Amino acid sequence: MGTALVYHEDMTATRLLWDDPECEIERPERLTAALDRLRQRGLEQRCLLLSAREASEEELGLVHSPEYVSLVRETQVLGKEELQALSGQFDAICFHPSTFHCARLAAGAGLQLVDAVLTGAVQNGLALVRPPGHHSQRAAANGFCVFNNVAIAAAHAKQKHGLHRILVVDWDVHHGQGIQYLFEDDPSILYFSWHRYEHGRFWPFLRESDADAVGRGQGLGFTVNLPWNQVGMGNADYVAAFLHLLLPLAFEFDPELVLVSAGFDSAIGDPEGQMQATPECFAHLTQLLQVLAGGRVCAVLEGGYHLESLAESVCMTVQTLLGDPAPPLSGSMVPCQSALESIQSARAAQAPHWKSLQLQEERPPPLLPGGPVCKGAASAPSSLLDQPCLCPAPSVRTAVALTAPDITLVLPPDVIQQEGSALREETEAWARPHESLAREEALAALGKLLYLLDGMLDGQVNSGIAATPASAAAATLDVAIRRGLSHGAQRLLCVALGQLDRPPDLAHDGRSLWLNIRGKEAAALSMFHVSTPLPAMTGGFLSCILGLVLPLAYSFQPDLVLVALGPGHGLQGRHAALLAAMLRGLAGGRVLALLEEDSTPQLAGILARVLNGEAPPSLGASSVASPEDVRALMYLRGQLEPQWKMLQVGAFTPQK
Ligand code: X5A
Ligand code: ZN
């Protein structure tokens, strides 16, 4: 469906006319650096380019007062001294004669992007704009921001497109207090912001940036603040915030559109943020948001002042919007204590308003009494975590290798149906230990699977789907795991649904993590051998994915993922699609899905599209997790948290 890139070079016009150390970082080169890098990477060429238009005064009036719009209009004819005097009336603002024009283009760019997405011209997009918007208020410029681009886009999406639920994700390192003030009492706009806070000692020094500001009136619970009280937050902290705070609320909210206040001053190297997240992290954040709202994601640039870091992070965002898999995250995935405290206090503040956060209130007793069940290695295999992952630059994004290619299987043009098969002798050699693989059909399926897996391990193919004969699902999976581990995978994550047992002689050496989701009780036989029941309802399924599967997967940092839908997997198509879409964030998207031979073409089709980068369908309003689901999850968290640190979310303290 495509990705829009909205821009206009006039937005490079506004610049600082006098000495002001606070404003000087917001320079025209921010836009040119980002755009040049997009060109260099061949990303601009893959987008639908839209030339930004000016927002009308009526459109600005969606969130700003007429008097304020007039005041900004009048700056066009002011001289330098007058501009400087007027700028002084606001905090961190430096007007220029071109400010009004640029700010109208910035707001207009957001409107155009929303229109392009909501009319179906594109799936998603990015608006590269100056000046930024999220600090601007109904009648005030603030923090380099003149008109509130994202707030205007949200109000427009409601008014002109009749939307009822819009999620605004503000990943800029500053608190977008302007957006918060504008929608404080509006339950149709869920505003999430994380920001450098340092207990109130960081700009804009507001009490209402803290986690206990949760909205007012009808809007209670629709403002979500995650204050960072230390600098140096990194990839693990950001991903943990998404998994444990933003995404549970976002799925419960079920937005029709996601707007991103995409500031990149939260990235490594930025002088304002002083954070540590690498550019790849923004690929992951983007990919995680793309599972919402049917993939309708509109990102609008806010801050980002380190030109190199900004340019790289913008590329990561656009590349992901285009459907490319996110590159693996570097560094060990262990959230810091301060981040966990912040996430926990935000969860506690929001818990009264969100069912998905009320899970822990009942504090169930351990499922199995007695001592620790984890008998694996005592800590994460750090030496293994440091090994470089296989480098993905595949020419084929997704390949489908089914044994009986179904003509009713509708695939996107760039998903290929694989014809090839591994050599007969080789296939037989791998099949030999398994009686169930002796039959001709089983061998044929295995040959295709091995060929596909080799293509993935060689880096020619990124992701794929292969068939397993019903009678030989476990044996086929066993061969796939062994072959993966002996042909280049350093760490293999296997998510097995249904009746599939862990291959008995698979070593607990840290090279594979086995997660079985099936109808039995929760158990962690070692840190590399986990099983949990399959939740029946959407709410339980979501908390299993966000609270267990992804934290384990992000902690383990696999370079190959196998997802097997085995006998009796009981997974609904849309749930399978969501699981595949989210696992695609691991291993650079090197995900192989194994389906039972008699799976429907619908299931194969939806998985192929999702693995190829299409958004999974929305799940709709979801039920809450059942007490049994919650108990299983809590039990496994308790067992595995010491080893897999991304599972950690601090103890829940119920509010009065
Ligand atoms: C959009 C943005 C930052 C203002 C900082 C003022 N504004 N010290 O990042
Ligand atoms: Zn910022």
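Start at 1 and go down the list; that is how both ligands and their atoms are numbered. From a predicted model like this one, the values you see are computed outputs, not experimental measurements.
Protein N/O/S atoms found under 2.8 Å from the Zn ion (ligand 2), listed by chain and residue number: Asp172 OD1, Asp172 OD2, His174 ND1, Asp265 OD2.
His284 and Phe242 have their aromatic ring centers separated by at least 6.0 angstrom. Between Phe147 and His64, the ring center distance clears the sub-6.0 Å criterion.
In the vicinity of Glu22, heavy-atom distances shorter than 4.0 Å reach the ligand 1 atoms 6 (C), 8 (N). The atoms of ligand 1 that sit less than 4.0 Å from any heavy atom of Glu272 are 5 (C). With ligand atoms numbered from 1 in the order given, ligand 1 contributes 9 (O) to contacts under 4.0 Å with heavy atoms of Asp172.
Arg30 is linked by a salt bridge (Lys or Arg N to Asp or Glu O under 4.0 Å) to Glu26, counting only residues two or more places apart in sequence or in another chain.
By the neighbour-count criterion of 12 heavy atoms within 6.0 Å, atom CZ of Arg15 is sparsely surrounded, having that number or fewer from other residues, nucleotides or ligands. Within 6.0 Å of CD in Glu74 there are more than 12 heavy atoms belonging to other residues, nucleotides or ligands.
For Glu26, no heavy-atom contact with ligand 1 is shorter than 4.0 Å. By the criterion of a heavy-atom distance under 4.0 Å, neither the backbone nor the side chain of Val173 is placed next to ligand 1. By the criterion of a heavy-atom distance under 4.0 Å, the side chain of Asp265, and not its backbone, is placed next to ligand 1.
Ion pairing between Glu59 and Arg104 fails under the 4.0 Å rule for side-chain N and carboxylate O.
For the pairing with His174, the side chain to side chain donor-acceptor pair (under 3.5 Å) check across Glu272, Arg196, His195 returns one residue only, Glu272.
At least one side-chain heavy atom of Phe264 sits less than 4.5 Å from a side-chain heavy atom of Leu301. For the pair Cys47 and Val318, the minimum side-chain heavy-atom distance is below 4.5 Å.
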